[in-house]
Amino acid sequence: MSSREFNQDTAHAKRAAKNGPVIITDRGKPSHVLMSMEEYERLGKKPRSLADAIADDRPEADFDWEPPRLEGPFFKIPELD
């Protein structure tokens with residue numbers, strides 16, 4: 001959204017920010033971001049640890065995680081004879 005559009009219709013910008021951050025441009029370059037207060041507060045929270053994420057039993061907290069595969073000569077599984 002251009003800064004001109006923002007100035008002409010701030011209500012539209014606020015409604016759009018309910019769905020995600022709104023980038024406001026000045027002469028075609030991003031200059032500001034408008035977001036909901038909930039999103040702003042979420043960004044300010046301390047990141048959860050992996051242990052906290054695993055312990056969270058809420059359905060919306062469920063996630064899949066695939067650990068990265070380590071490659072290279074130091075990460076080969078030794079052959080046991």
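All values derive from a computational prediction rather than experimental measurement.
- Nearest approach of S31 to T25, heavy atoms of both residues: OG-C, 3.9 Å.
- Put simply, the side chain of N7 gets close to the backbone of S3: a donor and an acceptor are under 3.5 Å apart.
- Without hydrogens or angle criteria, E39 side chain to S36 main chain gives no donor-acceptor distance under 3.5 Å.
- Of all the heavy atoms in P30 and I23, the pair that sits closest is CB-CG2, 3.7 Å.
- Counting all heavy atoms, side chain and backbone alike, M35 lies closest to P21 at CB-CA, 4.4 Å.
- Rounding to the nearest 0.5 angstrom, the gap separating the CD atom in E38 from the CG atom in L43 is 12.0 Å.
- Remark: H32 NE2 to M1 CE distance equals 14.0 Å, nearest 0.5 Å.
- Taking both residues in full, the closest heavy atoms of L34 and K14 are given as CD2-N, 4.1 Å, listed atom of the first, atom of the second, then distance.
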